[in-house]
There are 2 protein chains.
Amino acid sequence: MEYSIGEVAKLLNISISTLRFYDKEGLFLNLERDASGIRKFHEKDLETLRLITCLKSSGMKIKDIKEFMHWVSLGDQTISKRKEMFLKQKEMVEKKMLELEKTLNMITFKCWYYETAEKDQTEEKVKKIPVDKLPKEIQMAYEKAHTS
Amino acid sequence: MEYSIGEVAKLLNISISTLRFYDKEGLFLNLERDASGIRKFHEKDLETLRLITCLKSSGMKIKDIKEFMHWVSLGDQTISKRKEMFLKQKEMVEKKMLELEKTLNMITFKCWYYETAEKDQTEEKVKKIPVDKLPKEIQMAYEKAHTS
DNA sequence: TCTTGACCTAAAGTTATGTTTAGGTGATAC
DNA sequence: GTATCACCTAAACATAACTTTAGGTCAAGA
């Protein structure tokens, strides 16, 4: 199965210009072109794109993804490097998730805070509630959000 | 308690230039200055900074944080707006967490993949294992990573 | 035949989030 | 008294990751 750039764009919801940009950056290995220079994407390229999306969301830079793709092109001799990269990236993601949880706790607290303020028609009352008098789960969220 | 910009920078691990940048962008409400123009940070400014950090990690732009701070300055009449903002942001964070989980599954799979390849000294063998023959938890990670 | 649509390139432009630079003030330490 | 800090500003610079623009090819349909 072969896909044009437009088809891939729709399929994976990535703009055409982004796809060309990734190609220019060297993120695809041996991306096929037909006689008149038109890109032909195969399943392996789609899989590369799914990986790019994943690595980007893990906080990796395009340059490093490019380096990884270069390692892939060198074959078995770079297996350890690639493994190390993924181990490092796993740590990054776990760190990110912890931070996001803290963020969620802060936001959960704020949601409760403003819902209460909205009922009261003022911030004054809720602002004065001491931490230990907050509803239990809100207190927990607040405290989790405020640990260094 | 009062803090200089340098103290705040160390305390919250944010560079001095970033703090000045945030101030220029209007993220602090009534940040005090002494007679010679030197910034004096108070506890409320530190709390603002913690909130900024949190909102940034939730994916909010500086401009929107600034708008929020403006609402704060308008007092009780903007409580609903602020509540809506946090509700929206909560959804954003929940979406982000789902994406990160998917990312983590992909990376977990890749870690296993390259650890196996490393033992084999080649990718060839592991590459050929069909999904349903993978170790159970790896199979689960793979599948979770590949659901649209 | 002509026009439309999907593709192409190279290069310039955009946006967000800072950082760096160059030049200046004012208190304190040697 | 002069050198060194820690602070200040305005403005230029940096970087990543795209997007837009301007100009061109090529095949298919009216």
Side-chain angles (χ1 to χ4, degrees), chain A residues 1-28 30-42 45-46 48-69 89 92 96 99 103, chain B residues 1-28 30-42 45-46 48-69 89 92 96 99 103:
Chain A
M1 192 56 179
E2 230 175 52
Y3 306 88
S4 70
I5 197 168
E7 285 164 345
V8 175
K10 274 189 188 160
L11 224 52
L12 299 194
N13 208 28
I14 301 175
S15 80
I16 290 179
S17 59
T18 300
L19 291 170
R20 290 206 264 250
F21 168 70
Y22 287 169
D23 187 22
K24 200 175 57 183
E25 292 297 297
L27 263 43
F28 299 110
N30 318 316
L31 184 60
E32 203 191 326
R33 302 265 190 151
D34 72 9
S36 50
I38 288 175
R39 294 174 182 85
K40 300 288 168 192
F41 293 78
H42 296 266
D45 304 310
L46 301 195
T48 297
L49 273 169
R50 288 185 201 104
L51 182 58
I52 290 170
T53 305
C54 156
L55 290 176
K56 260 166 33 81
S57 106
S58 84
M60 233 172 126
K61 303 262 176 273
I62 300 287
K63 265 187 190 169
D64 298 325
I65 300 179
K66 177 193 180 149
E67 189 177 24
F68 168 78
M69 293 309 294
Q89 222 50 33
M92 295 284 297
K96 275 199 163 217
E99 204 199 330
T103 295
Chain B
M1 192 57 180
E2 229 177 52
Y3 307 88
S4 71
I5 197 167
E7 286 165 344
V8 174
K10 274 189 189 159
L11 224 54
L12 299 194
N13 208 28
I14 301 174
S15 81
I16 290 180
S17 58
T18 300
L19 290 171
R20 290 206 262 250
F21 169 69
Y22 287 170
D23 186 22
K24 199 176 57 182
E25 291 298 298
L27 262 43
F28 299 110
N30 318 316
L31 184 60
E32 203 193 325
R33 302 267 189 147
D34 73 8
S36 50
I38 289 175
R39 294 175 183 85
K40 299 288 169 194
F41 292 78
H42 296 266
D45 304 310
L46 301 195
T48 296
L49 273 169
R50 288 184 201 104
L51 182 59
I52 290 170
T53 305
C54 155
L55 290 177
K56 260 165 36 78
S57 106
S58 84
M60 231 171 129
K61 302 264 173 274
I62 300 286
K63 267 186 190 171
D64 297 325
I65 300 178
K66 178 195 179 146
E67 188 176 24
F68 169 78
M69 293 311 294
Q89 223 50 33
M92 295 286 295
K96 274 199 164 218
E99 204 199 329
T103 295

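Below, read A as the first sequence line, B as the second, and so on, with proteins coming before strands; counting in each chain starts at 1.
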Next on the checklist: Measuring from the side chain of A:S4 (C-beta onward, heavy atoms only), which nucleotide among C:dT19, D:dC8, C:dC7 has the closest atom?
Outcome noted: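 Out of C:dT19, D:dC8, C:dC7, the nucleotide with an atom closest to A:S4's side chain is C:dC7.
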Next on the checklist: Closest approach to the side chain of B:S36, judged atom by atom: which nucleotide of C:dG26, D:dC7, C:dG18 is it?
Outcome noted: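 Per side-chain heavy atoms of B:S36, the pick is C:dG26.
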Item to check | Side-chain N,O (B:T18) to OP1/OP2 (C:dT19) below 4.0 Å | outcome: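 True: B:T18 side-chain N/O within range (under 4.0 Å) of C:dT19 OP1/OP2.
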Checklist entry - Looking at A:S15, does any N or O in its side chain come under 4.0 Å of the phosphate oxygens OP1/OP2 on D:dC18? => result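 For A:S15, the contact criterion (side-chain N or O under 4.0 Å from OP1 or OP2 of D:dC18) is not met.
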Item to check | Contacting residues from residues 50-63 of chain A, given that a heavy atom lies under 4.0 angstrom of DNA chain D | outcome: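 Those residues are A:K56, A:K61, A:I62, A:K63.
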Next on the checklist: Counting the atoms with a prime plus P, OP1 and OP2 as sugar-phosphate, which does B:S17 contact under 4.0 Å by heavy atoms, base, sugar-phosphate, or nothing?
Outcome noted: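 Here B:S17 touches the bases of the nucleic acid.
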Nearest whole angstrom, please: distance from the [atom2] of [N] to the [atom1] of [X].
| X | N | atom1 | atom2 | result |
| --- | --- | --- | --- | --- |
| B:I16 | D:dA6 | CD1 | P | 8 Å |
| B:F21 | D:dA14 | CZ | C1' | 13 Å |
| A:D64 | D:dA17 | CG | C1' | 14 Å |
| A:I65 | D:dC18 | CD1 | C1' | 14 Å |
| A:Y3 | C:dA6 | OH | C1' | 19 Å |
| A:D34 | C:dA6 | CG | C1' | 12 Å |
| B:I14 | C:dT17 | CD1 | P | 14 Å |

Next on the checklist: Return the CG to CG distance between B:D23 and B:L19, rounded to the nearest 0.5 Å.
Outcome noted: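 Separation between the atoms: 9.0 Å.
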Item to check | All side chain to side chain donor-acceptor pair (under 3.5 Å) counterparts of B:T48, not counting sequence neighbours | outcome: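 By the side chain to side chain donor-acceptor pair (under 3.5 Å) rule, B:T48 matches no residue at all.
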Can you give me the N/O atom pairs linking the protein to nucleotides 9-12 of chain D at distances under 3.5 Å, or say none if there are none?
| residue | atom | partner | partner atom | Å |
| --- | --- | --- | --- | --- |
| D:dT9 | OP1 | B:R33 | NH1 | 2.8 |
| D:dT9 | OP1 | B:R33 | NH2 | 3.0 |
| D:dT9 | OP2 | B:R39 | NH1 | 3.3 |
| D:dT9 | OP2 | B:R39 | NH2 | 2.9 |

